[in-house]
Amino acid sequence: MIKRILITTIALALLLTSFARADEGMWIPLLLNKYNYADMQAKGLKLSADDIFSINHASLKDAVVIFGGGCTGELISNQGLLITNHHCGYGSIQSHSSLDHDYLTNGFWSMSKEEELVNKGLTVTFLVSMADVTDKVLNGITEDMEESKRQELISETIKQIVADATEGTHYTAVVKPFFAGNEYYLFVNEVYKDVRLVGAPPSAIGKFGGDTDNWMWPRHTGDFSMFRIYADKDNNPAEYSPDNVPYKPKKFFPISLNGVKKGDFTMVYGYPGRTQEHLTSYAVKMITEVSNPAKINIRENILDIMNADMNADPKVRIQYASKNARVSNSWKKWIGENRGLKRLHAIEKKEQLEKEFLNWVSKDKDRREKNSNILNYYRKIYEEMQPYQLAIDYFFEAGWSMELIRFAKNFKVFTNLSDTSTTEDIEKAKQKMRNAADAFFKNYNMPTDRKIFSKVFLGLYYNNVPKEFQPDIFRTIEKKFKGNTIAAKFAKYEESLYTKSFFINQEKLNKFIDNYKVKNNKKIEKDPAFVLYNSLVDLYLNKLSKPYQDFNNQLHKLDRQWIKLLREMESDKVFYPDANFTLRVHYGQVEDYYPRDGVYYDYYTTLDGIIEKDNPDIYDYRVPEKLKQLYYKKDFGQYAEDGKIHVCFTATNHTTGGNSGSPVINGNGELIGINFDRNWEGTMSDIMYDPDMCRNITLDIRYCLFLIDKFAGATHLINEMNLVR
Ligand code: ARG
Ligand code: ASP
């Protein structure tokens with residue numbers, strides 16, 4: 001009763017506050033003119049829609065790239081110079097680092113093009129063109145078609161579209177679904193493969209604040225790194241060659257020295273990865289009440305163990321820095337997401353919308369007959385799916401938490417070989433395994449892994465997942481290991497695993513690899529770590545993947561109908577498609593916020609705050625001596641504003657993962673910063689955006705310039721750029 005009253009009050013409040021959705025949205029550049037341009041202009045954009053996106057002549061889109069596999073980057077000189085985040089270049093910087101030249105710790109600055117460092121496997125992807133291919137893709141598709149049949153036909157058509165789009169060119173292409181498969185767009189891309197490291201600040205700047213400050217505002221992270229794209233003599237993509245020359249871009253960003261003021265127009269242009277803005281209340285419930293809490297708890301346990309070991313031993317700190325950052329990043333995001341959704345009353349808001357929907361459906365006979373059950377279907381699927389979702393979350397988060405299993409997976413390289421394999425195949429496999437072993441042991445601390453295994457795998461996984469969704473290994477342990485309690489059995493098992501597996505002993509393992517013959521596969525297959533690995537694979541293949549896929553197929557179909565109906569219902573509203581790692585335009589304004597009652601956060605931070613945070617005892621807050629000197633001498637060059645170096649600022653652009661490294665642009669199309677994060681109070685924007693609370697965090701470009709020029713002395717790079725006032 002009390003509960004019901006509460007809900008009605010909230011529902012009422014929701015109805016009364018008509019929901020201003022100011023800067024929400026990530027828009028398709030091709031449709032800017034049609035949907036957004038007038039609004040953008042009113043908010044301060046001075047460019048034409050064509051200046052931003054055109055497939056006929058050079059436009060800003062030609063200065064924006066996919067950097068590697070999951071970030072955005074932008075061109076800032078006519079010699080292929082590119083800037084992105086430090087955390088996006090991290091892997092490359094790390095791969096060139098060793099004890100002798102530790103670029104992660106000390107930073108790296110090439111003083112000439114000859115000193116730039118080649119990155120095997122790193123690519124940069126330009127968008128050549130995009131087109132709406134919905135009609136082609138959906139030609140011959142009917143609504144009553146079986147979902148798997150539909151997918152099959154669509155894949156066929158897409159293959160053909162891609163083949164046609166790339167025929168006779170060196171381009172690649174993809175077709176991606178929008179609005180849950182109601183629309184499809186073709187993207188033709190050009191991939192450059194010779195991308196060299198030009199510069200990166202030390203981690204004490206590029207990762208300043210570490211995971212303590214990650215997702216937080218006020219923020220002082222100098223999160224940038226620089227690369228250069230190389231091309232063959234005709235400016236075309238080419239594999240690395242010393243003969244390659246700096247790429248000449250069609251377009252690059254001029255850089256503004258003017259900074260930003262509250263209320264200024266900002267535009268982010270980049271590749272947002274994934275959002276789910278149209279989930280039903282049932283889905284939000286499952287995420288916030290089942291999935292997120294489980295994943296948060298598992299990761300908390302992992303992080304506790306890692307942090308303790310990292311604090312106790314500087315070697316472990318280095319070994320686990322990157323792993324810790326990976327685990328911590330989503331962990332912290334989910335916590336923020338759950339809090340934000342709760343604060344927003346997201347479930348009640350969704351329920352309210354669903355009520356309106358049912359009301360709307362009931363008013364039309366045809367609609368009523370076809371669609372009045374859709375929410376019931378949703379409810380039923382999420383109810384049935386919930387145990388599977390939990391099993392899947394535990395499988396990926398707890399099941400794979402142990403590093404040794406992830407390493408064991410590599411041995412498939414050997415067990416996939418057979419008597420018919422050639423000597424060449426075998427040599428290749430040996431080399432692959434040598435590399436895998438090197439990479440693994442470089443950053444492996446067995447006691448840390450063992451503690452995680454004990455706590456998370458043998459503890460949480462065993463205790464929190466129903467037996468039917470557990471890997472068989474648990475049954476084996478129960479049967480075959482001696483002990484009065486399960487804890488005693490687990491202790492025995494753990495001991496035997498970590499002493500008997502030869503995967504753990506680098507010396508033995510190297511010998512094994514060097515002398516490897518196909519008949520030795522028996523030894524791999526018997527290894528307890530490999531047995532454990534196989535037990536997980538079996539669980540997935542036999543019990544999880546099929547039902548989980550079935551649920552998802554059903555959901556795909558419902559989602560497609562749901563969003564179609566919502567668009568019909570709210571026909572005066574312009575919908576933006578969920579992020580799907582395609583190029584989007586996000587626009588909004590520079591804005592401060594009130595995170596909690598009585599607390600105000602200004603929209604920018606300065607170098608003063610870095611000095612304030614400086615603390616040699618806290619790893620994340622050690623400010624480099626040189627930076628302090630520049631600060632005390634006020635040696636700021638042309639990069640200060642009112643005597644201060646501005647470091648970061650917040651705005652209302654609706655961004656997500658993948659937008660890291662994206663250019664942040666002012667109304668004149670000049671670069672004012674690099675997007676790198678969001679605020680913790682706003683991470684629920686992947687599911688529900690809140691104009692009062694959601695802020696993207698941008699690195700002020702003037703801080704980068706100051707560092708490049710004054711801190712690194714790489715003035716030649718500044719000279720390449722086009723700085724404007
Ligand atoms: N939160 C930012 C994003 O999601 C930065 C992540 C990298 N930094 C870190 N400390 N893990 O990518
Ligand atoms: N930090 C994220 C990224 O790397 C951006 C975000 O989630 O806001 O893409």
Side-chain angles (χ1 to χ4, degrees), residues 23-24 26 64-74 83-94 104 200-201 203-217 219-225 266 268-276 299 302-303 306-307 310 317 320-337 340 578-584 586 588 619-621 648-664 673-687 689-690 693-699:
D23 299 320
E24 175 174 356
M26 29 194 79
V64 182
V65 297
I66 300 177
F67 180 83
C71 277
T72 307
E74 56 274 12
I83 195 161
T84 184
N85 290 146
H86 186 263
H87 78 263
C88 296
Y90 200 82
S92 305
I93 306 165
Q94 184 176 38
L104 275 183
S203 293
I205 289 174
K207 210 178 178 275
F208 181 76
D211 284 292
T212 317
D213 283 7
N214 188 27
W215 297 115
M216 303 295 250
W217 185 257
R219 188 67 158 275
H220 301 89
T221 314
D223 200 344
F224 80 101
S225 59
T266 55
V268 175
Y269 207 178
Y271 282 85
R274 180 168 185 251
T275 58
Q276 302 172 276
R299 290 200 178 199
I302 297 173
L303 288 167
M306 273 190 192
N307 288 334
M310 285 167 76
R317 168 172 294 285
Y320 281 71
S322 173
K323 296 177 207 176
N324 189 291
R326 199 172 346 101
V327 177
S328 162
N329 193 40
S330 302
W331 164 75
K332 203 161 172 183
K333 195 208 116 171
W334 293 324
I335 294 176
E337 183 172 273
D578 269 318
N580 57 359
F581 207 56
T582 60
L583 186 63
R584 300 292 178 88
H586 320 242
Y619 183 85
D620 288 339
Y621 294 133
C648 297
F649 64 86
T650 52
T652 58
N653 303 283
H654 183 189
T655 52
T656 188
N659 274 124
S660 272
S662 300
V664 183
I674 305 161
N675 188 77
F676 72 98
D677 210 2
R678 278 171 286 162
N679 61 336
W680 210 16
E681 300 85 359
T683 50
M684 70 296 188
S685 63
D686 289 347
I687 292 175
Y689 181 88
D690 175 7
M693 221 41 110
C694 293
R695 299 289 177 266
N696 63 316
I697 302 179
T698 297
L699 176 62

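Every value quoted in this text rests on a predicted model; they were computed, and no experiment measured them. Values reported hereafter were calculated over all heavy atoms of this structure, with side chains retained and with hydrogens, waters and symmetry mates removed. One-based numbering, in listed order, for ligands and for the atoms of each.
Considering backbone and side-chain atoms together, R678 places an N or O closer than 3.5 Å to an N or O of ligand 2. Considering both main-chain and side-chain atoms, R326 never comes within under 3.5 Å of ligand 1 through any nitrogen or oxygen pair. Backbone and side-chain nitrogen or oxygen atoms of T655 are examined, and none is located within less than 3.5 angstrom of a nitrogen or oxygen of ligand 2. For a threshold of 3.5 Å applied to N or O pairs, the pair formed by H87 and ligand 2 contains at least one separation below that value. An N or O contact shorter than 3.5 Å is missing between C71 and ligand 2 by distance.
The closest protein non-hydrogen atom to atom 2 (C) of ligand 1 is D677 OD1, 3.1 Å. Looking from atom 5 (C) of ligand 1 to the surrounding protein, the closest heavy atom is N214 OD1, 3.4 Å. Nearest protein heavy-atom contact of atom 10 (N) of ligand 1 is D211 OD1, 2.9 Å. Nearest protein neighbour of atom 12 (O) of ligand 1, counting heavy atoms only, is H87 NE2, 3.2 Å. Given atom 6 (C) of ligand 1, the protein heavy atom at minimum distance is N329 OD1, 3.5 Å.
Under a 4.0 Å criterion applied to the non-hydrogen atoms of W215, ligand 2 contributes the atoms 7 (O). The ligand atoms of ligand 2 that sit less than 4.0 angstrom from a heavy atom of D677 are 1 (N), 8 (O). Ligand 1 places these atoms under 4.0 Å from at least one heavy atom of W215: 1 (N), 4 (O). Ligand 2 places these atoms under 4.0 Å from at least one heavy atom of G658: 3 (C), 9 (O). Near S660, with a cut-off below 4.0 Å to any heavy atom, the atoms of ligand 2 are 1 (N), 2 (C), 3 (C), 4 (O), 5 (C), 9 (O). Applying the 4.0 Å criterion to heavy atoms of N659 picks out, from ligand 2, the atoms 9 (O).
Looking at T656 against ligand 2, only its backbone comes within 4.0 Å, counting heavy atoms.
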Show your working on side chain to side chain contact (heavy atoms under 4.5 Å, CB included) between Y621 and T212 and close with a plain yes or no.
CA-CA 9 Å; Y621 294 133; T212 317; 3.6 Å; yes
Going through the checks in order, is the side chain to side chain contact (heavy atoms under 4.5 Å, CB included) test met by Y320 and N307?
CA-CA 9 Å; Y320 281 71; N307 288 334; over 6 Å; no
Verdict with supporting geometry, R219 and F676, side chain to side chain contact (heavy atoms under 4.5 Å, CB included)
CA-CA 11 Å; R219 188 67 158 275; F676 72 98; 3.6 Å; yes
N675 vs N659, side chain to side chain donor-acceptor pair (under 3.5 Å): CA-CA, chis, key distance, verdict:
CA-CA 7 Å; N675 188 77; N659 274 124; 5.4 Å; no
Passes side chain to side chain contact (heavy atoms under 4.5 Å, CB included), S685 versus M693? Steps please.
CA-CA 9 Å; S685 63; M693 221 41 110; over 6 Å; no
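Proximity of D686 to R678: side-chain heavy atoms (C-beta onward) are separated by under 4.5 Å at one or more points.
Note that OH of Y689 and OG1 of T655 are 8.5 Å apart. Values are rounded to the nearest 0.5 Å. For the atom pair CG (N214) and CG (N329), the distance works out to 4.5 Å, reported to the nearest 0.5 Å. The structure places SG of C648 at 11.0 Å from CG of N696, a figure rounded to the nearest 0.5 Å.
Between F676 and ligand 1 there is a heavy-atom distance shorter than 4.0 Å.
In plain terms, the two heavy atoms of F581 and G70 that are nearest each other are CZ-CA, 3.7 Å.
Checking each of S225, S322, S660 against H87 for a side-chain hydrogen bond (donor to acceptor under 3.5 Å, both in side chains) leaves exactly one that passes, namely S660.
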